[in-house]
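Here is the structure we will look at.
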Amino acid sequence: MLALIDCNNFFVSCERVFQPGLKNTPVVVLSNNDGCIISRSQEAKDLGIKMGEPLFKARPIIEQAGVRVFSSNFMLYGDMSQRVMQTLKKFGAVEVYSIDEAFVDLSHVPAANLEKCAATIREIIYQYLGLPVCVGIAPTKTLAKAANHLAKKNPAYNGTMLLDTPAKQAAARRHLAVENIWGVGRRYAAKLHQHQVYTVADLVDRSSGWVYKHLGGVVGVRLRQELLGQPCQELSFKEEHVRKNIACTRSFSQYITTLNDLQEAVATYTSRAAEKLRRQRSAAKAITVFIRTNKFSVQAPQYHRATTVSLPLASADTGELIRYALQGLQQIYQPGYSYKKAGVILSEIIPEHQVQTDLFHTTDRSKSQKLMQALDKLNTKMSKNEWAINAVGYAAAGIEKDWKMIVTRRSPRYTTHWQEILEINI
DNA sequence: TCTGGGGTCCTAGGACCC
DNA sequence: TCTGGGGTCCTAGGACCC
């Protein structure tokens, strides 16, 4: 058996931990640039505010109902997330699935104790961190996700749900709509409905062959097996899982038209991506750069282009990566457009110690490595701002950064910055 | 006026090899 | 007229997740 633990309304719940006055009142958290709503309290959901809705569209409801609005505070959420994961390790090996979700291996827990275990996990997380979570327990990941979903939707279950017996699993399959299953998105849901498949029970009644044909091949077949209680996805307990792609992409707060400003932005994003790359001790052999105009604008002429530059040798050197990124940018830049977004994606990532040299590249890489180490050390120690202003950086990334993000309503980074630590006035 | 960012996996089809 | 069989690698695109 394994458990899926999912924090309720995670970002909003993090804000509430440090501002208890936000409890029982509608609260939303915004995406970067204060653009969209990406987390909602139950009260906000009840008002009809939708996930991913642009702020300006929800503004009438927000003002009328006095909804509290926060810019995103990812330093805080990331730190709270780590504490949750750390706490979960008390109960078994943990697979961190996302910032607010984790699977926990409960194979060592006797069947008779599972119910109690689920309740304890909930209580401990709330006691230690003040965060509400739901717990779903089942023999497969997909069923554990389903159990968690049911726990969330039915207040009577007290935030926990066990699908430990075939009878309970069959009952759950009859109650669950296919569109609520992990791995079935909008497209597949519509397709399944066309074929009169509405519940999970309907789905597993179809043959594997049918599912293969209509649900993305082997992915669908595995999904079906998992829903029947036969595991197809193993838990994975890697401490720090190494990413295969590392991206840094942002919308600008205002339109950019000049190559120079785009160069600054691309250099800045490349620096960020390179930092992430070094943190997982990897090097990248390719870098993709893209720029685009505002895709929502109906009148403005549209332009969207990307290019991938291959490096002769995998690298984790910011300066080198910036050079290639700017080379790519040069190729795709077209004057005369108003750009709204740009980004870089590092790919073909390999462990840093596996970088192949060849006959023609005999440069001493240790110099670059030492420089990067010094850079990272200084920035970890001295940077004040989350990402735009490093203590030490490359001139190509610019200093003024007119295009940088708007963050107007971010709460303090209570747990990671001494200057922003919680103050209590009595 | 104002619309996020970061990931994963799989498949089909083309190009190429012997 | 009749035109094999088996394989790899790469890319684009589609689906999904949070």
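Hydrogens, waters and symmetry mates are skipped; everything else that's a heavy atom, side chains included, is used. Residue numbers start from 1 in every chain, and the chains themselves are labelled A, B, ... in the order their sequence lines are given, proteins ahead of strands.
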Quiz item: What integer number of Å spans the P atoms of B/dT3 and C/dC18?
Solution: 25 Å
Quiz item: A/D6 has an atom CG; how far is it from atom C1' of C/dC18, in whole Å?
Solution: 9 Å
Practice problem: May I ask you to say what A/E101 touches in the nucleic acid, namely base, sugar-phosphate or nothing, with a heavy-atom cut-off under 4.0 Å? | Solution: sugar-phosphate
Quiz item: Counting only heavy atoms not in A/R278, do more than 12 fall under 6.0 Å of its CZ?
Solution: yes
Practice problem: Report, as yes or no, whether the 6.0 Å neighbourhood of atom OH on A/Y394 holds more than 12 heavy atoms from other residues, nucleotides or ligands. | Solution: yes
Quiz item: Taking atom C1' of C/dC18 as reference, at what distance in whole Å does atom CG of A/N148 sit?
Solution: 13 Å
Exercise. Compare every heavy atom of A/V28 with every heavy atom of A/A44, then report the nearest pair and how far apart it is.
Key: CB-CG1, 3.8 Å
Exercise. Quickly work out the A/Y97 OH to C/dC16 P distance and round it to whole Å.
Key: 13 Å
Quiz item: Taking the six-membered ring for Trp, are the ring centroids of A/W210 and A/H195 within less than 6.0 Å of each other?
Solution: yes
Self-check item: Summary of protein contacts for nucleotides 3-11 of chain B, nucleotide by nucleotide, where a base hit scores B, a sugar-phosphate-only hit scores S (4.0 Å, heavy atoms)
Solution: BSSSSSSSS
Exercise. Answer yes when A/R186 and A/E179 have at least one side-chain N-carboxylate O distance shorter than 4.0 Å, and no when they do not.
Key: no
Quiz item: How many Å lie between CG on A/N180 and P on C/dC16, as a whole number?
Solution: 14 Å
Quiz item: Please give, in whole Å, the distance from C/dC18 C1' to A/F10 CZ?
Solution: 12 Å
Practice problem: Taking only the side-chain nitrogens and oxygens of A/K191, find out if one of them lies under 4.0 Å from OP1 or OP2 of C/dG14. | Solution: no
Practice problem: Could you state the atom-to-atom distance from CD of A/E226 to P of C/dC16 in whole Å? | Solution: 17 Å
Practice problem: May I ask you to say what A/I181 touches in the nucleic acid, namely base, sugar-phosphate or nothing, with a heavy-atom cut-off under 4.0 Å? | Solution: sugar-phosphate
Self-check item: A/N24 atom CG, neighbour heavy-atom count above 12 within 6.0 Å
Solution: no
Quiz item: Between atom CG in A/D100 and atom C1' in C/dC17, what is the gap in whole Å?
Solution: 11 Å
Quiz item: Rounding to a whole Å, what distance do you find between A/Y188:OH and C/dA15:P?
Solution: 6 Å
Quiz item: So does A/H193 have more than 12 non-hydrogen atoms from other groups sitting under 6.0 Å from NE2?
Solution: yes
Exercise. Whenever both distances are under 3.5 Å in a Watson-Crick or G-U wobble pair, mark it; put DNA chain B into dot-bracket that way, with [ ] for crossing pairs and | when the partner is on another strand.
Key: ....||||||||||||||
Quiz item: Taking 4.0 angstrom as the limit, do A/D202 and A/R206 come out as a salt bridge?
Solution: no
Quiz item: Just wondering, do A/L223 and A/I181 contact through their side chains at under 4.5 Å, heavy atoms?
Solution: yes
